[in-house]
Amino acid sequence: MQVSVKTFDELSTDELYQILRLRSEVFVVEQDCVYQDVDNKDQKALHVIGSKDGDVVAYTRIFKPGDYFKNTSIGRVVVSQDQRKYGLGKEIMQASLTAIDQRFPNQPIEISAQCYLLKFYTDLGFNAFGEEYLEDGIPHRRMLKE
């Protein structure tokens with residue numbers, strides 16, 4: 001997988017379309033969750049894009065401190081369903097952590113994690129805090145990596 005990190009203005013029309021399609025395929029269709037994915041926050045985010053043969057297969061978006069949470073944050077972590085068996089989730093998250101370290105060094109990183117993925121994020125150094133809550137009808141926990 002090739003990984004690139006881009007601002008919103010650096011995204012090509014094709015990349016943006018593929019990112020939005022992947023997010024919709026997984027978060028709206030696969031997870032059967034009706035919510036507003038296009039939220040006017042993409043313009044502030046750094047986009048971490050994992051591609052294979054020109055197709056976006058993994059993705060996250062990163063926010064600097066104060067743009068989403070008080071801390072630096074990672075969100076919209078997604079891997080296409082047919083690519084999950086290759087460890088791309090871990091790979092795209094490690095690329096996201098590296099991007100944060102390069103752009104916002106020595107900052108804690110906060111995420112809103114779907115509860116079924118707590119072990120995945122714990123293995124990456126995140127620790128859960130606070131109570132479980134519903135976000136768009138899906139159980140979540142806040143997590144922090146310091």
Engineer: Just verifying a value: how many Å separate Ser51 OG and Ile19 CD1, rounded to the nearest 0.5 Å?
Structural biologist: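 Spacing of OG (Ser51) from CD1 (Ile19) equals 8.0 Å.
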Engineer: Testing the 3.5 Å rule here: is there a donor-acceptor pair between the side chains of Asp37 and Tyr35?
Structural biologist: yes
Engineer: I want to check something: taking the side chain as every heavy atom from C-beta on, are Leu144 and Asn127 in contact at a cut-off of under 4.5 Å?
Structural biologist: no
Engineer: Do other residues, nucleotides or ligands put more than 12 heavy atoms under 6.0 Å from Gln43 CD?
Structural biologist: yes
Engineer: To the nearest 0.5 Å, what is the distance between NE2 on His140 and CD on Gln114?
Structural biologist: 4.5 Å
Engineer: Do Leu16 and Phe8 have side chains that approach each other closer than 4.5 Å (heavy atoms only, starting at C-beta)?
Structural biologist: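 A side-chain contact exists here, since the closest heavy-atom pair is under 4.5 Å.
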Engineer: So which atom in Met1 and which in Val57 form the shortest heavy-atom distance, rounded to 0.1 Å?
Structural biologist: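 It is SD-CG2, 4.1 Å.
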Engineer: On a heavy-atom basis, which atom in Asn106 and which in Asp101 lie closest, and how many Å separate them?
Structural biologist: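 Shortest heavy-atom separation between Asn106 and Asp101 comes out as N-OD1, 4.5 Å.
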Engineer: Using a strict cut-off of less than 4.0 Å between a Lys/Arg side-chain nitrogen and an Asp/Glu carboxylate oxygen, indicate whether Arg21 and Asp14 qualify as a salt bridge.
Structural biologist: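 A salt bridge is absent here (no side-chain N lies under 4.0 Å from a carboxylate O).
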Engineer: Please assess Arg61 against Asp39 for the test salt bridge (Lys or Arg N to Asp or Glu O under 4.0 Å), listing each intermediate value before the final yes or no.
Structural biologist: CA-CA 13 Å; Arg61 67 181 185 180; Asp39 59 3; 2.7 Å; yes
Engineer: For residues Ile74 and Leu97, determine if any side-chain heavy atom of one lies less than 4.5 Å from a side-chain heavy atom of the other.
Structural biologist: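 When only atoms from C-beta onward are counted, Leu97 and Ile74 do touch, with a gap below 4.5 Å.
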Engineer: Evaluate the side-chain proximity of Phe69 to Ser112: yes if any heavy-atom separation is below 4.5 Å, no if none is.
Structural biologist: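 They are in contact (side-chain heavy atoms under 4.5 Å apart), so the answer is yes.
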Engineer: Out of Arg23, Arg76, Gln18, which one pairs with Tyr59 under the side-chain hydrogen bond (donor to acceptor under 3.5 Å, both in side chains) rule?
Structural biologist: Arg23
Engineer: Under 4.5 Å between side-chain heavy atoms, counting indirect links through other Ile/Leu/Val/Met/Phe/Trp/Tyr residues: same cluster for Leu134 and Ile138 or not?
Structural biologist: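 No; Ile138 is not reachable from Leu134 via cluster members.
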Engineer: Spell out, yes or no, whether Val5 and Phe104 are grouped together once hydrophobic residues are joined by side-chain heavy atoms under 4.5 Å, including indirect joins.
Structural biologist: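 Yes: a chain of side-chain contacts under 4.5 Å links Val5 to Phe104.
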Engineer: Determine the minimum heavy-atom distance between Ala58 and Val79, stating which atoms define it.
Structural biologist: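 Taking Ala58 first and Val79 second, the nearest heavy atoms are CB-CG2, 4.0 Å.
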Engineer: Examine Lys52 relative to Tyr86 and say whether NZ or CZ is less than 6.0 Å from the centre of the six-membered ring and inside a 45° cone about the ring axis.
Structural biologist: yes
Engineer: What's the verdict on side chain to side chain contact (heavy atoms under 4.5 Å, CB included) for Lys90 and Phe120, showing C-alpha distance, side-chain angles and the deciding distance?
Structural biologist: CA-CA 8 Å; Lys90 184 176 182 183; Phe120 171 77; 4.3 Å; yes
Engineer: Give a yes or no on this: more than 12 heavy atoms of other residues, nucleotides or ligands lie within 6.0 Å of atom CD of Glu135.
Structural biologist: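 Result for CD/Glu135: enclosed.
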Engineer: Looking at Asp32, I want to see if its CG is surrounded by more than 12 non-hydrogen atoms of other residues, nucleotides or ligands under 6.0 Å.
Structural biologist: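 Count not over threshold, so no.
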Engineer: Just by modelled atom types, is the Cys33 backbone N or O under 3.5 Å from a matching donor or acceptor in the Gln31 side chain?
Structural biologist: no
Engineer: In terms of side-chain geometry, is the basic nitrogen of Glu15 or Lys6 positioned less than 4.0 Å from the acidic oxygen of its partner?
Structural biologist: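 Yes.
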Engineer: Side-chain heavy atoms under 4.5 angstrom apart, residues restricted to Ile, Leu, Val, Met, Phe, Trp, Tyr: same cluster for Val77 and Val26?
Structural biologist: no
Engineer: Return yes if some donor-acceptor pair links the side-chain N/O of Thr98 with the main-chain N/O of Gln94 below 3.5 Å, else return no.
Structural biologist: yes
Engineer: Taking all heavy atoms of Ala95 and all of Val3, pick out the closest pair and write down the distance.
Structural biologist: CB-CG1, 3.7 Å
Engineer: Does a side-chain N-to-carboxylate-O contact under 4.0 Å join Glu30 and Arg84?
Structural biologist: yes
Engineer: For Thr7 and Asp9, does a side-chain donor sit closer than 3.5 Å to a side-chain acceptor?
Structural biologist: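 Looking only at side-chain atoms, Asp9 and Thr7 do not form any donor-acceptor pair under 3.5 Å.
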Engineer: Test side chain to side chain contact (heavy atoms under 4.5 Å, CB included) on Phe126 and Glu146 and set out the steps.
Structural biologist: CA-CA 8 Å; Phe126 287 87; Glu146 297 188 83; over 6 Å; no
Engineer: Report yes if the side chains of Leu11 and Ile49 come closer than 4.5 Å at any heavy-atom pair, otherwise no.
Structural biologist: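 The answer is yes, as the side chains (C-beta and beyond) meet within the 4.5 Å cut-off.
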Engineer: Got Pro65 and Gln107 here, is their nearest side-chain heavy-atom distance under 4.5 Å?
Structural biologist: yes
Engineer: With the 4.5 Å side-chain cut-off for hydrophobic clustering, are Leu46 and Val48 part of the same group?
Structural biologist: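 Yes; Val48 is reachable from Leu46 via cluster members.
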Engineer: Determine whether more than 12 heavy atoms belonging to other residues, nucleotides or ligands lie under 6.0 Å from atom CG of Asp123.
Structural biologist: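 Yes, the 6.0 Å shell around CG holds more than 12 heavy atoms from other groups.
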Engineer: Could you check whether any side-chain heavy atom of Thr72 comes within less than 4.5 Å of a side-chain heavy atom of Glu110, counting everything from C-beta outward?
Structural biologist: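 No - every pair of side-chain heavy atoms lies 4.5 Å or more apart.
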Engineer: Transitively linked via ILVMFWY side-chain contacts under 4.5 Å: Leu88 with Ile111?
Structural biologist: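 Same hydrophobic cluster.
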Engineer: Could you check whether atom NZ of Lys44 has more than 12 heavy atoms from other residues, nucleotides or ligands sitting under 6.0 Å from it?
Structural biologist: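 Result for NZ/Lys44: open.
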Engineer: Between Lys145 and Leu124 (side chain of the first, backbone of the second, donor and acceptor by atom type, cut-off under 3.5 Å), is there such a pair?
Structural biologist: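 Indeed, once roles are kept as given, a pair shorter than 3.5 Å links the two residues.
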Engineer: Ile109 and Ser73: which non-hydrogen atoms are nearest, and at how many Å?
Structural biologist: CG2-CA, 4.4 Å
Engineer: Taking atom OH as the centre, does Tyr17 end up with more than 12 heavy-atom neighbours from other residues, nucleotides or ligands that are less than 6.0 angstrom away?
Structural biologist: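 No, not enclosed.
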Engineer: Contact between Leu118 and Met143 at the side-chain level, heavy atoms closer than 4.5 Å - yes or no?
Structural biologist: yes
